[in-house]
Amino acid sequence: MNIVITGGGGFLGSRVIDLLLERKDRGEAVVDFEQIISLDLGECPVADPRVRSVVGSIADPDLLNTVITDETIGIFHLAAVLSGGSEEDFDLAMDVNVGATKAILEAARACGTQPRFVFTSSLAVFGGEMPHVVPETFTTQPESTYGAVKAIGELLVNEYSRKGFVDGRVCRLPTISVRPGKPNSAASSFASGIIREPLNGIASECPVPLKTRMWLSSPDTAVANLVNALEVDPTELGSWRTLNIPGIVVTVEQMLESLTRVGGQAARDLVTLKLDERIMNIVCSWPGQFDVERPLALGFIRDTEFDDVVRQYQDEFVA
């Protein structure tokens, strides 16, 4: 039996693989497997004989049908064109974030085994006027291409689950901070950049107002929640399979205060405010806080303090 991970060569995907292997080694795996298959445009960095790296496009249905088979018991669909890239290239966003998602669901359907299907969605599915704390049943109203295609993906996963083709779990992830490496095309990339770059002695620009509320998760917590999404008992999920994954609410100003406490004033001085209307139009349409009582009851977790998130990055990637 195997678990397939699209985007398994990326930062989150490779960490999901690591945690799945760790849980199996400790005898804690709820969904047992013999192999993990990473499907990505690049090689998976996890060196383990139980991991097979398949390099190719998730938009290739023939490739999907060779990777997703009746031996597949779980699928993590993490690969996507991100928010900034989606806004710049509508056709690519539709082809990958909608067309490829449907193709992956079709490949899972063809197996006839109803594999568990974890789909990563986004806060970008929301927009318009929102309450201070968004309830679980609040309707989606995306104000960006990325939000629209993710909302479509959510509906597809829920419909394929309703029909019994897959056992779907939709995870609306908080913004992940602090990501290591270089900035990516996500509009929210600055949420890592204003912490990561200064801690490495590099100047950074903040493109949104300091009072902007962010719904955040550390990478380790996000990965733990993705694995929990695979493992949660389907009878506890109900018919609507979409979950607002827990995060912590922090303003950009509070993020920079954490940077000062952890990295010192010299690090804080490397961040300058330079508002970017394109990024503001996307990020400032997102909600800043959710009611997550049900996900917490299902075993999902959240960080406690953003200071700890900053220290986690500093200890692993700087110190």
Task: Residues Arg169, Asp167: salt bridge by 4.0 Å N-O rule - done: yes
Open item on the list: Once rounded to the nearest 0.5 Å, what's the spacing between atom CD1 of Ile301 and atom CG of Asn228?
Closed with: 8.0 Å
- [ ] Indicate, with yes or no, if Leu210 and Ile194 share a hydrophobic cluster defined by side-chain heavy-atom contacts under 4.5 Å among Ile, Leu, Val, Met, Phe, Trp and Tyr.
- [x] yes
Open item on the list: Regarding Asn158 and Arg241, do their side chains bring together a donor and an acceptor under 3.5 Å, going by distance alone?
Closed with: no
Open item on the list: Check for me, please, whether Val227 and Phe33 land in the same ILVMFWY cluster - side-chain distances under 4.5 Å, paths through other members count.
Closed with: yes
TODO: Determine, using the 4.5 Å side-chain heavy-atom cutoff (strictly less than), whether Leu41 and Val55 are members of one ILVMFWY cluster.
DONE: no
Open item on the list: Test side chain to side chain contact (heavy atoms under 4.5 Å, CB included) on Glu236 and Leu298; report intermediate values, then the result.
Closed with: CA-CA 8 Å; Glu236 298 182 17; Leu298 291 171; 3.4 Å; yes
Open item on the list: Check whether Arg196 reaches the backbone of Gly181 with its side chain - one donor and one acceptor, N or O, closer than 3.5 Å.
Closed with: yes
- [ ] Take Thr235 and Asp233, measure what side-chain hydrogen bond (donor to acceptor under 3.5 Å, both in side chains) needs, and give me the verdict at the end.
- [x] CA-CA 5 Å; Thr235 62; Asp233 190 320; 2.7 Å; yes
TODO: Please assess Ile104 against Phe117 for the test side chain to side chain contact (heavy atoms under 4.5 Å, CB included), listing each intermediate value before the final yes or no.
DONE: CA-CA 10 Å; Ile104 293 166; Phe117 192 101; 3.6 Å; yes
Open item on the list: Under a 4.0 Å threshold between the charged nitrogen and the carboxylate oxygen, would Arg278 count as salt-bridged to Glu87?
Closed with: no
Open item on the list: Could you go through Leu123 and Phe290, starting from their C-alpha distance and side-chain angles, then the distance that decides it, and tell me whether this counts as side chain to side chain contact (heavy atoms under 4.5 Å, CB included)?
Closed with: CA-CA 10 Å; Leu123 313 183; Phe290 291 87; 3.5 Å; yes
Task: Flag if over 12 foreign heavy atoms under 6.0 Å of CD, Glu277 - done: no
Task: Greater than 12 external heavy atoms within 6.0 Å of Glu293's CD - done: no
Open item on the list: Which heavy atom of Val318 sits nearest to which heavy atom of Tyr313, and what is that distance?
Closed with: CG2-CE2, 3.5 Å
Open item on the list: Looking at Arg15 and Glu316, is any side-chain nitrogen of the basic one under 4.0 Å from a carboxylate oxygen of the acidic one?
Closed with: yes
Task: Ion pair check, Lys211 and Glu253, cut-off under 4.0 Å - done: yes
TODO: Looking only at non-hydrogen atoms, find the nearest pair between Asp303 and Ile248 and report the distance.
DONE: O-CG2, 3.0 Å
TODO: Treat each ILVMFWY residue as a node, draw an edge where side-chain heavy atoms are under 4.5 Å apart, and state whether Val118 and Ile68 are in one component.
DONE: no
Open item on the list: Using 0.5 Å steps for rounding, measure from the CZ atom of Arg268 to the OG atom of Ser258.
Closed with: 11.5 Å
- [ ] Look up atom CG in Asn97 and atom OG1 in Thr145, then write down how far apart they are to the nearest 0.5 Å.
- [x] 10.0 Å
Open item on the list: Applying side chain to side chain contact (heavy atoms under 4.5 Å, CB included) to Glu305 and Arg311, what does each step give before you reach the verdict?
Closed with: CA-CA 10 Å; Glu305 301 288 341; Arg311 289 191 189 96; over 6 Å; no
Task: Shortest non-hydrogen contact between Met130 and Trp286, atoms and distance - done: CE-C, 3.9 Å
Task: Parallel, tilted or perpendicular, as decided by the 30° and 60° cut-offs, for the rings of Phe119 and His77 - done: tilted
TODO: Find the distance between SG (Cys284) and CZ (Arg213) and round it off to the nearest 0.5 Å.
DONE: 11.5 Å
TODO: Measure the spacing between CD of Gln265 and OG1 of Thr260 and express it to the nearest 0.5 Å.
DONE: 5.0 Å
Task: Asp48 and Lys24 ion-paired at < 4.0 Å - done: no
TODO: Over all heavy atoms of both residues, which pair between Ala29 and Glu231 is shortest? Give the atoms and the distance, please.
DONE: CA-OE2, 4.0 Å
- [ ] Look at atom CE of Met94 and say whether more than 12 heavy atoms of other residues, nucleotides or ligands are closer to it than 6.0 Å.
- [x] no
Open item on the list: Would you say that more than 12 heavy atoms from the other residues, nucleotides or ligands in this model lie under 6.0 Å from the CZ of Phe317, or not?
Closed with: yes
